[in-house]
Amino acid sequence: MAEQPPARRPRLRRDRPGPGRARMLKRIHLCLCFSFISGILYELSLLSGCFFPYVPLSKHLLSPEEVLSLGRSIIFLETSERLEPPPLVSCSVESAARTYQDRAIILFMKGLSNHTALQGNSSHAAFSLLSAMKNVFIFPLRLEAIFQETPLLQWYNQVVPEQEKNWVHVSSDAGRLALLWKYGGIYMDTDVISLRPIPPGSFLAAQKSRFSSNGIFGFPARHWFLWACMEDFVLKYNGDIWGNQGPLLMTRVLKALCNLTDFRGAEDHSCRNISFLNPQRFYPIPYPAWRRYYKVWDRSPSFNHSYALHLWNFMNHNRQAVVAGSNTLAEQLYRARCPTTYRDLVRNARRGDPAPPGAAA
(Lines give C-alpha, C1' and ligand atoms only; values in the text may rest on other atoms or scores of the structure.)
Protein backbone atom coordinates (compact mmCIF):
# COMPACT_ATOMS: atom_id res chain seq x y z
CA MET A 1 0.00 0.00 0.00
CA ALA A 2 1.37 3.40 -0.96
CA GLU A 3 2.72 5.49 1.89
CA GLN A 4 0.44 8.35 2.76
CA PRO A 5 1.96 11.85 2.90
CA PRO A 6 2.08 13.33 6.41
CA ALA A 7 -0.94 15.32 7.35
CA ARG A 8 -0.40 19.05 7.08
CA ARG A 9 -0.74 20.91 10.32
CA PRO A 10 -3.42 23.54 10.33
CA ARG A 11 -1.89 26.99 10.04
CA LEU A 12 -2.73 29.37 12.84
CA ARG A 13 -4.34 32.54 11.70
CA ARG A 14 -2.41 35.63 12.70
CA ASP A 15 -3.99 38.95 12.26
CA ARG A 16 -1.72 41.59 10.81
CA PRO A 17 -1.36 44.47 13.21
CA GLY A 18 -3.27 47.55 12.31
CA PRO A 19 -1.54 50.88 11.58
CA GLY A 20 -2.01 52.15 15.17
CA ARG A 21 -0.56 49.05 16.77
CA ALA A 22 2.38 49.00 14.35
CA ARG A 23 3.26 52.61 15.21
CA MET A 24 3.11 51.78 18.92
CA LEU A 25 5.40 48.76 18.50
CA LYS A 26 7.83 50.88 16.48
CA ARG A 27 7.92 53.54 19.21
CA ILE A 28 8.60 50.89 21.86
CA HIS A 29 11.39 49.43 19.73
CA LEU A 30 12.98 52.86 19.23
CA CYS A 31 12.76 53.65 22.96
CA LEU A 32 14.45 50.37 23.87
CA CYS A 33 17.20 50.98 21.31
CA PHE A 34 17.75 54.52 22.60
CA SER A 35 17.96 53.30 26.21
CA PHE A 36 20.43 50.58 25.26
CA ILE A 37 22.66 52.95 23.28
CA SER A 38 22.49 55.59 26.04
CA GLY A 39 23.63 53.02 28.59
CA ILE A 40 26.57 52.02 26.43
CA LEU A 41 27.60 55.64 25.85
CA TYR A 42 27.35 56.38 29.58
CA GLU A 43 29.66 53.48 30.43
CA LEU A 44 32.06 54.56 27.71
CA SER A 45 32.01 58.09 29.06
CA LEU A 46 33.34 56.76 32.34
CA LEU A 47 35.83 54.34 30.87
CA SER A 48 37.28 56.50 28.09
CA GLY A 49 39.01 59.81 28.55
CA CYS A 50 37.69 61.13 25.24
CA PHE A 51 34.17 61.11 26.69
CA PHE A 52 35.02 62.82 30.00
CA PRO A 53 34.50 66.35 28.62
CA TYR A 54 30.89 65.57 27.77
CA VAL A 55 29.72 64.39 31.21
CA PRO A 56 30.62 67.23 33.62
CA LEU A 57 27.39 66.85 35.59
CA SER A 58 27.00 63.10 35.84
CA LYS A 59 30.36 62.54 37.52
CA HIS A 60 29.19 64.40 40.63
CA LEU A 61 26.33 61.93 41.02
CA LEU A 62 28.60 58.89 41.21
CA SER A 63 29.59 57.21 44.46
CA PRO A 64 33.21 56.27 45.26
CA GLU A 65 32.35 52.59 44.79
CA GLU A 66 30.90 53.23 41.34
CA VAL A 67 34.00 55.07 40.19
CA LEU A 68 36.45 52.65 41.80
CA SER A 69 34.64 49.62 40.38
CA LEU A 70 35.59 50.76 36.88
CA GLY A 71 39.17 49.78 37.78
CA ARG A 72 42.51 51.34 36.77
CA SER A 73 41.94 54.42 38.94
CA ILE A 74 44.79 56.63 40.15
CA ILE A 75 44.25 57.09 43.90
CA PHE A 76 45.48 59.86 46.21
CA LEU A 77 44.80 60.11 49.96
CA GLU A 78 44.68 63.18 52.19
CA THR A 79 44.51 61.86 55.76
CA SER A 80 44.87 65.23 57.50
CA GLU A 81 41.80 67.37 58.21
CA ARG A 82 42.72 70.15 55.81
CA LEU A 83 40.24 71.07 53.09
CA GLU A 84 42.36 73.36 50.92
CA PRO A 85 44.83 71.23 48.91
CA PRO A 86 48.26 72.91 48.89
CA PRO A 87 49.88 73.66 45.51
CA LEU A 88 51.92 70.46 45.49
CA VAL A 89 48.83 68.31 46.12
CA SER A 90 46.99 70.17 43.38
CA CYS A 91 49.94 69.75 41.02
CA SER A 92 50.18 66.02 41.76
CA VAL A 93 46.50 65.43 41.03
CA GLU A 94 46.46 67.67 37.94
CA SER A 95 49.58 66.08 36.47
CA ALA A 96 48.02 62.63 36.92
CA ALA A 97 44.78 63.81 35.31
CA ARG A 98 46.70 65.08 32.28
CA THR A 99 48.93 62.01 32.03
CA TYR A 100 46.13 59.44 32.46
CA GLN A 101 43.26 61.03 30.58
CA ASP A 102 41.50 57.68 30.12
CA ARG A 103 41.40 56.96 33.86
CA ALA A 104 39.56 58.25 36.90
CA ILE A 105 41.79 60.28 39.23
CA ILE A 106 40.44 60.07 42.79
CA LEU A 107 41.43 62.26 45.73
CA PHE A 108 40.09 61.01 49.07
CA MET A 109 40.02 63.71 51.78
CA LYS A 110 39.49 62.87 55.45
CA GLY A 111 38.34 66.39 56.30
CA LEU A 112 35.57 66.30 53.71
CA SER A 113 32.25 65.30 55.25
CA ASN A 114 30.18 65.60 52.07
CA HIS A 115 31.69 65.34 48.60
CA THR A 116 29.30 68.00 47.29
CA ALA A 117 29.66 70.38 50.22
CA LEU A 118 32.42 72.54 48.73
CA GLN A 119 31.24 72.74 45.14
CA GLY A 120 31.63 76.31 43.99
CA ASN A 121 33.00 77.52 47.32
CA SER A 122 35.42 80.27 46.27
CA SER A 123 37.26 80.14 49.61
CA HIS A 124 38.73 76.79 48.53
CA ALA A 125 40.30 77.70 45.20
CA ALA A 126 42.39 74.56 44.74
CA PHE A 127 39.41 72.35 45.58
CA SER A 128 37.36 74.11 42.88
CA LEU A 129 40.27 73.89 40.44
CA LEU A 130 40.57 70.12 40.85
CA SER A 131 36.81 69.52 40.86
CA ALA A 132 36.54 71.23 37.46
CA MET A 133 38.85 68.65 35.83
CA LYS A 134 36.76 66.16 33.87
CA ASN A 135 38.36 62.96 35.14
CA VAL A 136 39.08 64.08 38.73
CA PHE A 137 36.80 62.89 41.52
CA ILE A 138 37.00 64.12 45.14
CA PHE A 139 35.39 62.00 47.85
CA PRO A 140 35.32 61.87 51.66
CA LEU A 141 37.74 59.36 53.17
CA ARG A 142 35.81 56.80 55.26
CA LEU A 143 38.46 54.52 56.71
CA GLU A 144 36.12 52.16 58.56
CA ALA A 145 34.18 51.47 55.37
CA ILE A 146 37.41 50.98 53.41
CA PHE A 147 38.72 48.44 55.95
CA GLN A 148 35.61 46.25 55.80
CA GLU A 149 36.40 42.66 54.72
CA THR A 150 40.16 43.15 55.24
CA PRO A 151 42.57 42.18 58.05
CA LEU A 152 42.84 45.89 58.89
CA LEU A 153 39.33 46.25 60.33
CA GLN A 154 40.09 44.61 63.67
CA TRP A 155 43.25 46.70 64.04
CA TYR A 156 41.33 49.89 63.23
CA ASN A 157 38.63 49.13 65.79
CA GLN A 158 41.24 48.62 68.52
CA VAL A 159 43.70 51.45 67.80
CA VAL A 160 43.36 54.83 69.55
CA PRO A 161 44.29 57.54 67.01
CA GLU A 162 44.87 60.21 69.68
CA GLN A 163 47.59 58.05 71.21
CA GLU A 164 49.33 57.35 67.92
CA LYS A 165 52.56 59.24 67.21
CA ASN A 166 52.28 59.07 63.41
CA TRP A 167 48.55 58.60 62.89
CA VAL A 168 48.23 60.73 59.73
CA HIS A 169 50.88 58.62 58.03
CA VAL A 170 49.92 55.25 59.52
CA SER A 171 46.26 55.64 58.56
CA SER A 172 47.35 56.55 55.04
CA ASP A 173 49.60 53.48 54.86
CA ALA A 174 46.63 51.30 55.81
CA GLY A 175 44.09 53.04 53.58
CA ARG A 176 46.13 52.71 50.39
CA LEU A 177 46.60 48.95 50.92
CA ALA A 178 42.89 48.32 51.49
CA LEU A 179 41.73 50.48 48.58
CA LEU A 180 44.04 48.86 46.06
CA TRP A 181 43.26 45.37 47.33
CA LYS A 182 39.52 45.99 46.92
CA TYR A 183 39.50 47.87 43.64
CA GLY A 184 42.93 47.77 42.00
CA GLY A 185 44.65 50.68 40.28
CA ILE A 186 47.67 52.83 41.13
CA TYR A 187 48.28 54.62 44.41
CA MET A 188 50.37 57.81 44.42
CA ASP A 189 51.51 60.08 47.25
CA THR A 190 50.33 63.67 46.98
CA ASP A 191 53.88 64.87 46.29
CA VAL A 192 54.32 62.77 43.13
CA ILE A 193 54.32 64.65 39.82
CA SER A 194 53.46 62.46 36.83
CA LEU A 195 55.52 62.68 33.64
CA ARG A 196 54.36 59.77 31.45
CA PRO A 197 52.14 56.70 31.85
CA ILE A 198 53.43 53.75 33.84
CA PRO A 199 53.31 50.51 31.81
CA PRO A 200 50.48 48.14 32.82
CA GLY A 201 51.10 45.36 35.33
CA SER A 202 51.71 44.85 39.04
CA PHE A 203 54.61 46.93 40.32
CA LEU A 204 56.45 48.27 43.33
CA ALA A 205 58.81 51.24 43.19
CA ALA A 206 62.35 50.79 44.40
CA GLN A 207 63.51 53.76 46.45
CA LYS A 208 67.02 52.33 46.30
CA SER A 209 68.52 48.89 45.74
CA ARG A 210 66.77 46.20 47.81
CA PHE A 211 64.41 48.73 49.39
CA SER A 212 60.83 49.39 48.33
CA SER A 213 58.86 52.60 48.61
CA ASN A 214 55.14 52.61 49.34
CA GLY A 215 54.68 56.10 47.88
CA ILE A 216 53.62 54.70 44.53
CA PHE A 217 52.57 51.17 43.58
CA GLY A 218 50.02 49.45 41.36
CA PHE A 219 48.12 46.14 41.43
CA PRO A 220 44.89 44.61 40.15
CA ALA A 221 42.08 44.07 42.61
CA ARG A 222 42.34 41.21 45.13
CA HIS A 223 46.04 40.70 44.56
CA TRP A 224 47.64 38.25 47.01
CA PHE A 225 50.64 40.54 47.65
CA LEU A 226 48.42 43.30 49.06
CA TRP A 227 46.63 40.80 51.30
CA ALA A 228 50.03 39.62 52.59
CA CYS A 229 50.96 43.25 53.29
CA MET A 230 47.75 43.84 55.26
CA GLU A 231 48.39 40.72 57.35
CA ASP A 232 51.95 41.90 58.04
CA PHE A 233 50.60 45.37 58.89
CA VAL A 234 48.50 43.91 61.72
CA LEU A 235 50.94 41.24 62.88
CA LYS A 236 53.96 43.55 63.14
CA TYR A 237 52.21 46.81 63.92
CA ASN A 238 54.30 49.46 65.64
CA GLY A 239 53.08 52.99 65.04
CA ASP A 240 56.04 54.54 66.92
CA ILE A 241 58.57 53.47 64.27
CA TRP A 242 58.49 55.76 61.27
CA GLY A 243 57.82 53.79 58.08
CA ASN A 244 57.24 50.47 59.84
CA GLN A 245 53.79 50.21 58.27
CA GLY A 246 54.89 51.76 54.98
CA PRO A 247 58.15 51.29 53.04
CA LEU A 248 59.60 48.97 55.69
CA LEU A 249 56.49 46.79 55.46
CA MET A 250 56.62 46.62 51.65
CA THR A 251 60.32 45.74 51.82
CA ARG A 252 59.76 43.04 54.48
CA VAL A 253 57.06 41.28 52.48
CA LEU A 254 58.98 41.56 49.20
CA LYS A 255 62.22 40.23 50.72
CA ALA A 256 60.37 37.23 52.18
CA LEU A 257 59.26 36.31 48.66
CA CYS A 258 62.11 37.39 46.41
CA ASN A 259 65.88 37.40 46.30
CA LEU A 260 66.51 41.12 45.89
CA THR A 261 69.72 42.23 44.21
CA ASP A 262 71.32 45.59 43.47
CA PHE A 263 70.23 47.58 40.44
CA ARG A 264 72.83 48.08 37.75
CA GLY A 265 72.03 50.71 35.16
CA ALA A 266 68.41 51.52 34.40
CA GLU A 267 67.00 47.97 34.27
CA ASP A 268 63.96 46.87 36.28
CA HIS A 269 63.73 43.68 38.34
CA SER A 270 60.87 41.19 38.48
CA CYS A 271 59.77 38.56 40.97
CA ARG A 272 56.59 36.47 41.17
CA ASN A 273 55.08 38.52 38.30
CA ILE A 274 55.63 41.75 40.24
CA SER A 275 57.86 44.38 38.63
CA PHE A 276 60.30 46.00 41.04
CA LEU A 277 60.94 49.24 39.19
CA ASN A 278 64.34 50.91 39.11
CA PRO A 279 64.85 53.92 41.41
CA GLN A 280 65.25 56.03 38.26
CA ARG A 281 61.55 55.54 37.50
CA PHE A 282 60.36 57.69 40.43
CA TYR A 283 63.37 58.62 42.57
CA PRO A 284 66.09 59.93 40.24
CA ILE A 285 66.78 62.53 42.94
CA PRO A 286 67.19 60.53 46.18
CA TYR A 287 65.86 61.83 49.48
CA PRO A 288 69.23 63.12 50.85
CA ALA A 289 69.33 65.47 47.83
CA TRP A 290 65.64 66.54 47.92
CA ARG A 291 66.57 70.26 48.06
CA ARG A 292 67.76 70.04 44.45
CA TYR A 293 64.13 70.31 43.37
CA TYR A 294 64.14 73.86 44.77
CA LYS A 295 67.43 74.90 43.15
CA VAL A 296 68.17 76.52 39.78
CA TRP A 297 69.97 74.09 37.50
CA ASP A 298 72.49 75.11 34.84
CA ARG A 299 70.95 72.42 32.65
CA SER A 300 67.60 70.90 33.58
CA PRO A 301 67.55 67.08 33.67
CA SER A 302 65.48 65.26 31.06
CA PHE A 303 64.20 62.49 33.37
CA ASN A 304 63.95 60.26 30.29
CA HIS A 305 63.96 57.13 32.46
CA SER A 306 61.26 58.39 34.84
CA TYR A 307 57.48 57.90 34.87
CA ALA A 308 56.96 60.34 37.75
CA LEU A 309 58.95 62.29 40.33
CA HIS A 310 58.62 62.05 44.11
CA LEU A 311 59.43 65.46 45.60
CA TRP A 312 60.01 64.22 49.18
CA ASN A 313 57.65 66.68 50.84
CA PHE A 314 58.07 64.94 54.20
CA MET A 315 61.70 66.08 54.17
CA ASN A 316 60.65 69.69 53.51
CA HIS A 317 60.56 70.74 57.16
CA ASN A 318 61.41 74.39 56.48
CA ARG A 319 58.55 74.58 53.96
CA GLN A 320 60.39 75.59 50.81
CA ALA A 321 57.80 76.54 48.23
CA VAL A 322 57.61 77.03 44.48
CA VAL A 323 58.06 80.73 43.73
CA ALA A 324 56.84 82.09 40.41
CA GLY A 325 59.74 83.38 38.32
CA SER A 326 62.41 81.63 40.39
CA ASN A 327 63.27 79.19 37.56
CA THR A 328 63.90 76.37 40.03
CA LEU A 329 63.47 72.79 38.89
CA ALA A 330 60.20 72.53 40.83
CA GLU A 331 58.82 75.65 39.14
CA GLN A 332 59.72 74.23 35.73
CA LEU A 333 57.85 71.03 36.61
CA TYR A 334 54.79 73.02 37.67
CA ARG A 335 54.77 75.00 34.43
CA ALA A 336 55.06 71.88 32.29
CA ARG A 337 53.03 69.28 34.22
CA CYS A 338 50.35 71.21 36.07
CA PRO A 339 49.87 74.50 34.19
CA THR A 340 46.45 75.25 35.71
CA THR A 341 47.84 74.95 39.24
CA TYR A 342 50.81 77.05 38.20
CA ARG A 343 48.62 79.83 36.77
CA ASP A 344 46.68 79.89 40.05
CA LEU A 345 49.97 80.11 41.94
CA VAL A 346 51.07 83.06 39.78
CA ARG A 347 47.73 84.88 40.27
CA ASN A 348 47.97 84.49 44.04
CA ALA A 349 51.53 85.81 43.99
CA ARG A 350 50.48 88.89 42.00
CA ARG A 351 47.63 89.58 44.42
CA GLY A 352 49.96 89.10 47.34
CA ASP A 353 47.73 86.42 48.85
CA PRO A 354 49.40 84.52 51.69
CA ALA A 355 50.05 80.85 51.05
CA PRO A 356 47.62 78.53 52.84
CA PRO A 357 48.95 76.56 55.85
CA GLY A 358 51.03 73.61 54.77
CA ALA A 359 51.34 74.97 51.24
CA ALA A 360 54.96 74.07 50.82
CA ALA A 361 55.55 72.44 47.48
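The first residue of the sequence shown is numbered 1, and numbering continues consecutively from there.
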Is there a donor-acceptor pair closer than 3.5 Å between any side-chain N or O of R272 and the backbone N or O of F225?
-> no
Do P85 and L130 come close enough that some side-chain heavy atom pair is under 4.5 Å?
-> yes
From CG (L249) to CG (L254), nearest 0.5 Å | 11.0 Å
Is it the case that one hydrophobic cluster holds both V253 and W227, taking links as side-chain heavy atoms less than 4.5 Å apart, direct or via other members?
-> yes
K182 (side chain) donor-acceptor with Q148 (main chain) under 3.5 angstrom | yes
Please answer whether the main-chain N or O of K236 pairs with a side-chain N or O of N244 as donor and acceptor at a distance below 3.5 Å.
-> yes
Within a radius of less than 6.0 Å around CD of E81, do more than 12 heavy atoms belonging to other residues, nucleotides or ligands occur?
-> yes
N157 CG: over 12 foreign heavy atoms closer than 6.0 Å = yes
So, does R196 use its side chain to make a donor-acceptor pair with the main chain of A308 at under 3.5 Å?
-> no
Joint hydrophobic cluster, L311 plus M315, side-chain heavy atoms closer than 4.5 Å | yes
Verify ring-ring contact (aromatic ring centres under 6.0 Å, His included) between F263 and F276, making sure each step is shown before the conclusion.
-> CA-CA 10 Å; F263 288 96; F276 191 39; 5.6 Å; yes
Can you check whether R337 reaches Y342 side chain to side chain, under 4.5 Å on heavy atoms?
-> no
Hey, is E78 close enough to K110 for a salt bridge, meaning N to O under 4.0 Å?
-> no
Is it true that a side-chain atom of N316 and a backbone atom of Q320 form a donor plus acceptor pair closer than 3.5 Å?
-> yes
Does a side-chain heavy-atom distance below 4.5 Å link D232 with Q245?
-> no
Drop me the distance from F211's CZ to K255's NZ, to the nearest 0.5 angstrom.
-> 8.0 Å
Heavy atoms from other residues, nucleotides or ligands near CG of N238 exceed 12 (cutoff 6.0 Å) = yes
ILVMFWY cluster, L257 and M230 together (side-chain gap under 4.5 Å) = yes
In this structure, CE of M250 is separated from CG of L177 (nearest 0.5 Å) by 5.0 Å
Can you tell me if R281 uses its side chain to pair, donor with acceptor, with the backbone of A266 under 3.5 Å?
-> yes
Once the angle between the rings of F203 and F282 is folded into 0 to 90°, is it parallel (under 30°), tilted (30 to 60°) or perpendicular (over 60°)?
-> parallel
Is there a path from L260 to F217 through hydrophobic residues (I, L, V, M, F, W, Y) whose side chains come within less than 4.5 Å of each other?
-> yes
Classify the side-chain pair Y183/E65 by whether it contains a donor and acceptor separated by less than 3.5 Å.
-> no
Verify, without hydrogens or angle tests, whether W297 (side chain) and R292 (backbone) share a donor-acceptor contact under 3.5 angstrom.
-> yes
Where the side chain of Q207 meets the backbone of P279, is there a donor-acceptor pair that is under 3.5 Å apart?
-> no
Please name the pair of heavy atoms, one in F108 and one in P64, separated by the smallest distance, quoted to 0.1 Å.
-> CE2-CB, 4.1 Å
Could you label the plane-to-plane angle of the W167 and Y156 rings as parallel, tilted or perpendicular, counting under 30° as parallel and over 60° as perpendicular?
-> parallel
Taking the side chain as every heavy atom from C-beta outward, state whether F233 and P151 have any atom pair closer than 4.5 Å.
-> no
Side-chain contact test, heavy atoms from C-beta onward, threshold under 4.5 Å: evaluate it for N327 versus Q332 and give yes or no.
-> yes
Using a distance-only test with no angle check, is there a side-chain donor-acceptor pair under 3.5 angstrom linking S194 and T99?
-> no
Is any side-chain heavy atom of V234 less than 4.5 Å from a side-chain heavy atom of L152?
-> yes
Just wondering, do D173 and N214 contact through their side chains at under 4.5 Å, heavy atoms?
-> yes
Rounded to the nearest 0.5 angstrom, the SG-NE2 distance for C229 and H223 is 10.0 Å
Do Y293 and I193 have side chains that get closer than 4.5 Å, going by heavy atoms?
-> no
d(H269 NE2, I274 CD1) to nearest 0.5 Å is 15.0 Å
CD (E164) with more than 12 external heavy atoms under 6.0 Å | yes
Do the rings of Y283 and H310 sit parallel, tilted or perpendicular, given the 30° and 60° boundaries?
-> tilted
If you round to the nearest 0.5 Å, how far is CG of L309 from CG of L195?
-> 4.5 Å
Keeping the roles fixed (side chain from D240, backbone from K165), state whether a donor-acceptor pair exists under 3.5 Å.
-> no
Side-chain donor-acceptor contact under 3.5 Å, T340 with R98 | yes
Between the side chain of W290 and the main-chain N/O of F314, is any donor-acceptor distance below 3.5 Å?
-> no
